[in-house]
There are 2 protein chains.
Amino acid sequence: MTYRKIDFELLRAIYEIIPDKSRVLTEKHDLISYSFDASFGSFEPEVIVQPLLTEEISYIVKFANQYTIPIYPRGQSTSLSGGPLPVNGGIVLDLSRMTHRLEVYPDDLIAVVSPGVLTGDIHKAAEQYGLMYPPDPSSSAVCTIGGNLAENSGGPRGLKYGVTKDYVLGLTVVTPSGDIVRTGGKTIKNVTGYDLTKLIVGSEGTLGIISEAVLKLVPKPKSSETLLAAFNEIETAGAAVSKILTSGILPSKLEILDKGCIHSVEAYEPSGLPLDAEAVLLIEVDGHPSATKEEIIEVAEKCKEIGAASIKIAESNEEKNQLWKARKLISPAITRIKPTKISEDATVPLSQIPEMFKRLKEIRDKFQVSLVVCGHAGDGNLHPNIVADIRDQDEMERAEKAVEEIFRCAVELGGTLSGEHGIGIMKAPFMEMELGKEGLHLMKVIKEAWDPNNIMNPGKIFPYTAQGLLFRR
Amino acid sequence: MTYRKIDFELLRAIYEIIPDKSRVLTEKHDLISYSFDASFGSFEPEVIVQPLLTEEISYIVKFANQYTIPIYPRGQSTSLSGGPLPVNGGIVLDLSRMTHRLEVYPDDLIAVVSPGVLTGDIHKAAEQYGLMYPPDPSSSAVCTIGGNLAENSGGPRGLKYGVTKDYVLGLTVVTPSGDIVRTGGKTIKNVTGYDLTKLIVGSEGTLGIISEAVLKLVPKPKSSETLLAAFNEIETAGAAVSKILTSGILPSKLEILDKGCIHSVEAYEPSGLPLDAEAVLLIEVDGHPSATKEEIIEVAEKCKEIGAASIKIAESNEEKNQLWKARKLISPAITRIKPTKISEDATVPLSQIPEMFKRLKEIRDKFQVSLVVCGHAGDGNLHPNIVADIRDQDEMERAEKAVEEIFRCAVELGGTLSGEHGIGIMKAPFMEMELGKEGLHLMKVIKEAWDPNNIMNPGKIFPYTAQGLLFRR
């Protein structure tokens with residue numbers, strides 16, 4: 001596919017669609033600012049457009065489709081898989097200023113949101129009505145719901161509450177031909193035709209641009225309890241996860257941190273994590289007050305039975321908050337070890353968690369990489385983080401090989417390449433390994449049927465020739 | 001599309017694929033037996049094939065695709081929307097004998113099932129491990145999981161637990177070209193490419209044939225409580241639904257029965273429903289024992305505040321079971337009024353439930369039809385049932401008009417044509433009303449890209465010329 005470059009004449013056409021010049025950026029420093037996200041690689045767009053209305057998006061897409069110009073939707077660029085990177089230049093559609101709707105309808109148990117709204121702001125808005133929007137990616141304070149929708153973001157509540165997709169009832173979408181389409185609606189049950197809502201959520205901006213969403217809310221649980229269990233072997237912690245999950249209790253969060261994470265966090269900001277432990281589990285149960293009180297004690301007993309070195313139930317809200325803050329600090333904390341963080345999200349069936357930990361240890365030793373592991377153990381979604389220094393190209397090469405082996409292990413154990421970060425550009429070369437030729441083909445034909453000119457976020461999900469992990473310069 | 005008729009030579013080719021002649025049916029009485037489902041209309045297939053293996057399905061589909069023969073997957077034919085009807089003749093693929101896998105993996109919180117397995121048998125298998133498969137359509141004792149997957153079946157637990165789609169992690173699918181593809185996997189989180197699993201579930205057999213599924217299970221709640229509240233006006237019952245749902249409690253079931261349902265059930269089998277009520281709500285909360293005990297009392301108080309005429313909390317398991325059995329008896333009971341039951345499933349946003357009840361009353365009066373209403377009030381999924389006599393063609397014409405008006409009202413109130421029964425042949429003509437031209441087009445291009453010869457359950461979902469409700473002979 002050859003794309004047309006944006007010349008002076010085409011730029012003038014863009015100004016006709018968006019007459020407000022402050023929302024059309026073309027300066028060199030703008031192009032550089034929009035050339036990266038939280039993953040690897042750097043690609044400059046030709047122009048950045050900041051739409052405020054669905055209709056503006058529609059006009060821009062129609063224009064891009066007419067002239068075969070690639071178009072890259074973007075929120076706050078927290079993507080860990082290269083989702084918004086403009087790998088073919090063209091237009092970056094910055095949706096972060098599209099924040100005009102954040103409305104909660106408590107009688108319908110829904111919220112209607114614009115794509116630029118921060119996920120954390122949806123949490124706050126819902127809580128004002130005693131409601132909850134469960135998906136809570138670690139970046140929720142700074143990421144947009146539009147990005148969450150494009151990537152189908154997860155977070156620690158996946159086990160009990162599911163992921164972003166499970167809370168999307170309807171969408172307003174601008175299709176690759178620029179049509180404005182509404183999918184789904186405002187009801188929990190809807191079987192009218194194919195589920196385009198759930199096809200588009202998680203399609204990483206390759207099938208259309210989401211300009212509005214109807215989200216499902218649930219009553220906010222009245223109570224929660226948090227427990228910290230320390231283990232002398234990481235395998236025992238893994239076994240504890242299985243033991244808890246088969247006990248009849250469904251924790252709202254079940255996180256694991258290995259020694260590397262614990263030490264990094266404590267060095268970054270002392271949070272009361274035990275420095276002598278090989279791993280800790282951080283567990284939350286939520287629901288009715290009398291239920292959570294009993295359940296957290298049951299969880300504690302299960303941890304003890306399986307051999308936890310120590311167990312501590314948080315006794316105040318401050319203690320709870322401190323523990324969960326520690327969990328959110330892992331990401332900044334581990335970059336103190338080394339500056340370049342490669343954050344993976346290989347996901348395995350629950351019973352394979354202990355085996356996956358064993359394999360990760362082997363990978364660390366084999367490739368001599370700094371590998372620390374945290375993750376949403378309760379839903380099998382581990383985060384093996386490799387920290388390295390991008391200036392050390394030999395180390396980056398070893399990291400690349402280690403990551404490839406992590407992918408292979410996850411798929412071998414019946415899991416998946418990506419649990420919540422998305423495929424983007426980085427994992428595209430590994431798609432066929434998991435999906436097979438035919439599975440990938442079924443996806444490709446949808447893409448080609450909807451977007452014959454391949455203008456919507458091209459270069460993502462589907463592998464193209466000579467594409468690699470981009471860790472090395 | 002012109003389809004090729006199955007002549008002697010083609011039949012011989014089918015026998016080569018399925019040498020077991022007892023699994024290839026061609027007798028007239030077989031063709032008649034497979035010509036109908038639980039909806040309207042009757043269409044004879046040319047041959048019925050009963051595969052036992054995914055590979056057999058693959059061969060049959062490849063054969064059908066090569067010769068352009070329509071192929072109609074079918075389970076136990078409980079469809080209320082004409083899903084399995086062979087409207088263009090061809091091959092009915094009877095999957096009801098494909099029952100070899102029903103395996104629960106408690107450590108992974110999953111079950112792996114073959115399409116012919118009865119949904120009720122999955123419930124029983126999961127319960128043996130203290131687990132639960134939440135979707136529970138009223139027909140669960142007699143319907144197959146394959147049909148549930150094709151139609152994305154719902155049932156009373158939709159509000160708290162979601163529908164079939166929310167419990168499908170992965171599929172084995174035979175595509176319209178006969179390829180065997182695996183989608184998704186065994187993990188709760190999976191964002192590797194487009195979500196083909198959730199696209200295929202609910203696609204009513206038009207995108208492929210599901211030959212195996214990986215289902216998500218949850219810990220079975222340890223306790224449940226049931227309450228029956230009677231109301232003198234149906235609008236008050238509707239208001240009570242809103243009041244309960246905004247109180248912070250999420251009932252596991254919240255069903256409504258109007259006077260017509262109550263009287264029919266009591267005449268059919270006395271179940272303790274109050275004959276003097278205009279409507280009753282039947283409410284279940286589930287979870288931890290101490291939580292459910294408190295919550296059911298809170299629910300009772302909310303009902304009292306809003307003006308319930310009487311409230312009764314079930315005091316024993318027998319009482320609970322009797323009440324829920326009464327709910328399941330509605331369907332057979334109302335056909336005592338008149339023999340022909342037209343069961344709709346128009347669904348509206350929660351806040352529109354009282355308005356929808358008002359409109360249903362108006363429709364009943366306007367078209368002079370016997371309209372009784374039950375439904376899953378908690379998720380906005382009402383079941384307006386029109387009972388009539390198919391021999392009275394004038395009455396059937398009025399029923400047809402009433403149903404069209406029900407569809408229009410649901411869409412007008414921000415709802416949907418179908419919450420859980422599917423589109424099939426009966427609602428296909430109304431698709432554009434809800435989806436718009438562009439929305440329907442996006443679905444059509446997927447169908448055409450995957451199934452260019454239109455052999456997979458043709459005549460369903462997408463409207464074709466001169467298609468009507470088929471109520472009249």
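In this text, all values refer to a predicted model and were calculated from it rather than measured experimentally. Residue numbering restarts at 1 for every chain, and letters A, B, ... go by the order of the sequence lines. Every heavy atom of this structure was used, including side-chain atoms; hydrogens, water molecules and symmetry mates were not.
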Taking atom types as modelled, find out whether [X] and [Y] have a side-chain donor-acceptor pair closer than 3.5 angstrom.
X	Y	answer
A:T246	B:Y129	no
A:T416	B:T192	yes
A:S351	B:D108	yes
B:H288	A:E294	yes

Out of [options], which one racks up the most heavy-atom pairs below 4.5 Å with chain B?
options	answer
A:V163, A:D166, A:L207	A:L207
A:G185, A:G248, A:G130, A:S290	A:S290
A:E438, A:M443, A:K186, A:E448	A:M443
A:T206, A:L169, A:I200	A:T206

[X], part contacting chain B, at a heavy-atom distance under 4.5 Å:
X	answer
A:K437	neither
A:V181	side chain
A:L159	both
A:T347	both
A:M431	side chain
A:L196	side chain
A:I249	both
A:H421	backbone
A:V445	both
A:K222	side chain
A:T175	side chain

Minimal heavy-atom distance between A:G158 and B:I188, with the atoms involved, is O-CG2, 3.9 Å
Does B:K189 use its side chain to pair, donor to acceptor, with the backbone of A:V348 at less than 3.5 Å?
no
Residues in side-chain contact (heavy atoms from CB on, under 4.5 Å) contact with A:E204, at least two apart in sequence or another chain:
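A:E204 satisfies side-chain contact (heavy atoms from CB on, under 4.5 Å) with A:E151, A:I423, A:I461 once adjacent residues are dropped.
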So what's closer than 4.5 Å to chain A heavy atoms on [X]: side chain, backbone, both or neither?
X	result
B:N152	both
B:N190	both
B:E434	side chain

Of the options B:L435, B:L442, B:L199, which is the one that meets A:Y194 in a side chain to side chain contact (heavy atoms under 4.5 Å, CB included)?
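Going through the options one by one, the only one that passes is B:L199.
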Criterion side chain to side chain contact (heavy atoms under 4.5 Å, CB included) against A:L350, the qualifying member of B:I110, B:T187, B:L109
B:L109
Which of the residues B:G202, B:S153, B:P289, B:S203 is involved in the greatest number of heavy-atom pairs with chain A at under 4.5 angstrom?
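Option with the greatest count: B:S203.
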Under a 4.5 Å heavy-atom cutoff, which of B:G193, B:G154, B:G162, B:G414 has the most pairs with chain A?
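Heavy-atom pair counts peak at B:G193.
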